[in-house]
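Inspection log for the structure reproduced underneath, given as structure tokens.
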Amino acid sequence: MEPVSIIATETRPSPWGVNTKPTNQCSLADVMSEQLARELQLEEESHIAPQEALSEETSFLTGEDIDTSSDEVLAQMLQMQFDREYDAQLLREERKFNGDSKVSISFENYRKVHPYEESDSSGDEVDWQDTRHDPYKADKPTTTPKKGFVGKGRDITTKHDEVECGRKNTARMENFAPEFQVGDGIGMDLKLSNQVFNALKQHSISEQRRSARLHDKKEVSTAEKAVDPKTRLLLYKMVNSGILETINGCVSTGKESVVFHASGGSMENGEVPTECALKVFKTTLNEFKNRDKYIKDDYRFKDRFSKLNPRKIIRMWAEKEMHNLKRMQKAGIPCPEVVLLKKHVLVMSFIGKDQVPAPTLKEAKLGLEDAKQAYYQVLSMMKQLYDQCSLVHADLSEYNMLWQDGKVWLIDVSQSVEPTHPHGLEFLYRDCRNVSQFFQKAGVSETPNERELFNIVSGLNITSDNQADFLAEIEALERLNESHVQNHKKKISAFQKDDEGPPRLYDE
């Protein structure tokens with residue numbers, strides 16, 4: 001019998017990534033010999049070390065306890081290797097997408113799940129998200145059944161038990177608003193009486209309401225020396241468009257507005273002064289609740305007046321000051337020059353120098369000669385304002401007149417009205433009284449009293465000696481003027497002028 005020879009066939013690539021070497025030809029007797037078996041065993045043991053040094057991607061294939069005879073296990077191992085490669089590629093894409101950005105995007109939801117991977121956490125570590133008992137959360141008291149008591153005999157406990165009620169009140173504190181800090185009572189058997197719990201509950205509700213009010217007021221109102229978010233956005237847009245270079249800070253505050261200093265930029269339709277004043281009208285009516293009486297009876301804005309929308313009133317208030325300033329500027333009266341109006345923000349020229357506003361007549365320390373010069377300027381401006389501009393300042397005092405370069409400047413004319421206003425003559429008399437009292441205290445002997453100054457400015461000839469009768473005649477003229485206007489459906493002045501001015505109050 002001839003010896004049988006075993007011929008090694010050509011080997012195919014192994015699916016495990018490890019190619020086996022082709023075996024040499026040998027006879028059947030050599031295969032059955034023990035010496036050849038030992039040599040093969042030693043050769044197999046010599047290959048164990050290189051297999052352990054394989055890369056991480058193929059190391060899981062050479063595990064000791066893995067049975068590779070099952071196709072299912074092989075498929076799971078291949079799927080695991082694919083998932084690892086997919087997660088590694090996803091991580092590289094995530095790092096490339098985020099780059100150096102401070103805000104990063106996570107692809108964690110797109111990663112594969114590896115049910116056969118061992119957890120990195122130790123066996124003693126507990127995942128609190130998977131446990132039903134949270135050690136950092138107070139134990140909830142046992143509920144009392146519908147019958148109202150638990151136990152029997154002497155061990156009976158009703159729902160009115162002091163200890164049980166105290167524990168229930170402590171647990172119910174979790175239902176308070178998140179802003180209300182209730183503290184941390186871990187490991188403490190806290191018991192709150194009904195009186196204490198009710199007081200805390202009422203305090204929590206009141207604090208929540210107060211916080212909501214403060215938040216709403218902060219969002220929609222202009223505070224002292226500050227602006228709300230909408231106004232701040234308007235100012236940012238002015239800076240971004242190049243109309244203003246910078247906004248330097250607040251220079252003055254009043255009952256109706258806040259004034260900021262700004263450095264002027266450029267504008268296509270006109271020139272922007274080097275120094276500008278931003279007058280931001282306050283969006284709350286708390287400090288100036290009676291401002292509507294200055295505008296609701298003004299025929300220029302009467303049809304547009306609506307007391308239901310405060311923001312529209314504020315915009316109308318700013319628009320009114322812009323129109324009044326343009327009238328004064330056209331008549332040659334020293335006043336700020338209007339640059340731009342955006343909603344309730346009015347941009348004007350700045351009266352002052354190097355971010356320092358001009359002092360008011362109240363703040364300026366004027367000598368006697370300067371006081372006389374200021375008086376004659378104010379008298380001339382009041383007559384110009386009444387005759388040429390057909391306006392009454394309605395809030396003229398030493399606080400609304402600035403002294404700059406030996407000249408008096410009028411500011412704050414948002415409340416100014418026409419003489420045909422139902423209270424126009426009363427406002428004029430009040431202005432005359434303020435001016436007369438200030439310059440008389442300043443020592444200007446030429447200053448007349450308020451009744452004489454009123455007749456000089458208005459051109460009327462009211463001869464009453466006392467103040468009460470004088471005001472009564474003014475009110476009678478206003479009533480007559482209002483009736484005449486309503487009958488003729490047009491606006492007329494309450495005075496007669498020689499220079500072809502408006503018609504008289506009544507027909508002669």
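Computed over heavy atoms, backbone and side chain alike; hydrogens, waters and symmetry mates excluded.
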>> Pair N434, D431 - check side-chain hydrogen bond (donor to acceptor under 3.5 Å, both in side chains), show working.
In response: CA-CA 5 Å; N434 294 337; D431 292 346; 4.7 Å; no
> Hey, mind stepping through F454 and F470 against ring pair (Phe, Tyr, Trp, His ring centres under 6.0 Å) and telling me if it holds?
Replying inline: CA-CA 10 Å; F454 177 86; F470 197 90; 5.5 Å; yes
> Salt bridge between K441 and E398, side-chain N to carboxylate O under 4.0 Å?
Replying inline: no
> From R433 CZ over to R430 CZ, what is the distance, rounded to the nearest 0.5 angstrom?
Replying inline: 7.5 Å
> Looking at CG of L391 and CZ of F427, how far apart are the two atoms once the value is rounded to the nearest 0.5 Å?
Replying inline: 13.0 Å
> Closest heavy-atom contact between C389 and L385?
Replying inline: CB-O, 3.3 Å
>> Is there a side-chain hydrogen bond (donor to acceptor under 3.5 Å, both in side chains) between H423 and E478? Walk through the geometry before answering.
In response: CA-CA 7 Å; H423 303 284; E478 289 177 341; 4.5 Å; no
> Could you walk me through whether E418 and R327 pass the salt bridge (charged side-chain N to carboxylate O under 4.0 Å, His left out) check?
Replying inline: CA-CA 12 Å; E418 294 202 345; R327 279 195 190 185; 2.8 Å; yes
> Looking at Q404 and W409, what are the two nearest heavy atoms and their distance?
Replying inline: O-NE1, 3.4 Å
> Is it true that E108 and R111 have a side-chain N and a carboxylate O under 4.0 angstrom from each other?
Replying inline: yes
> Do we see a donor-acceptor contact under 3.5 Å between the side chains of Q373 and E369?
Replying inline: no
>> Evaluate S436 against T447 for side-chain hydrogen bond (donor to acceptor under 3.5 Å, both in side chains), listing each step before the verdict.
In response: CA-CA 6 Å; S436 177; T447 306; over 6 Å; no
> Should the heavy atoms of other residues, nucleotides or ligands under 6.0 Å from CZ of F197 be counted, would the total exceed 12?
Replying inline: yes
>> Side chains of E94 and N98, heavy atoms from C-beta outward: is any pair under 4.5 Å?
In response: yes
>> Using the rule given for side chain to side chain contact (heavy atoms under 4.5 Å, CB included), can you reason through L244 versus L278, listing the C-alpha separation, both sets of side-chain angles and the distance that settles it, and then say yes or no?
In response: CA-CA 10 Å; L244 302 176; L278 301 180; 3.8 Å; yes
> Does a side chain donor of either D395 or N400 reach within less than 3.5 Å of an acceptor in the other side chain?
Replying inline: yes
> Got a second to check how far D412's CG is from C335's SG, nearest 0.5 Å?
Replying inline: 12.5 Å
> If you take all heavy atoms of G424 and V392, which pair is closest and at what distance?
Replying inline: O-CG1, 3.9 Å
> Where is the tightest heavy-atom contact between S414 and E256, given as atom of each residue plus distance?
Replying inline: OG-OE2, 2.8 Å
> At what distance, to the nearest 0.5 angstrom, does CD of E426 lie from CG of L471?
Replying inline: 7.5 Å
> Going by atom types only, do Q89 and R92 share a side-chain donor-acceptor pair under 3.5 Å?
Replying inline: yes
> Under the side chain to side chain contact (heavy atoms under 4.5 Å, CB included) criterion, do H393 and Q415 qualify, and how do the steps go?
Replying inline: CA-CA 7 Å; H393 193 283; Q415 72 287 329; 3.5 Å; yes
> Looking only at side chains, do D83 and Q79 share a donor and an acceptor under 3.5 Å apart?
Replying inline: yes
> Do S390 and P419 touch side chain to side chain, with heavy atoms closer than 4.5 Å?
Replying inline: yes
> Do S397 and F438 have side chains that get closer than 4.5 Å, going by heavy atoms?
Replying inline: no
> What heavy-atom pair brings G264 and E245 nearest, and what distance separates the two atoms?
Replying inline: O-CG, 3.3 Å
>> So P336 and I411, do their side chains get closer than 4.5 Å, heavy atoms only?
In response: yes
>> Quick one, C250 and V258 - any side-chain contact, counting heavy atoms below 4.5 Å?
In response: yes
> Taking atom CG of L379 and atom CD of E446, what is their separation to the nearest 0.5 Å?
Replying inline: 11.5 Å
> What is the minimum heavy-atom distance between A442 and A371, and which atoms define it?
Replying inline: CB-CB, 4.4 Å
>> Rounded to the nearest 0.5 Å, what separates atom CG in L91 from atom CZ in F107?
In response: 10.0 Å
> Is the shortest side-chain N to carboxylate O distance from E321 to K279 below 4.0 Å?
Replying inline: yes
>> For a side chain to side chain contact (heavy atoms under 4.5 Å, CB included) check, start with the C-alpha distance between F260 and V280, then their side-chain angles and the critical distance, and finish with the verdict.
In response: CA-CA 8 Å; F260 296 89; V280 180; 4.0 Å; yes
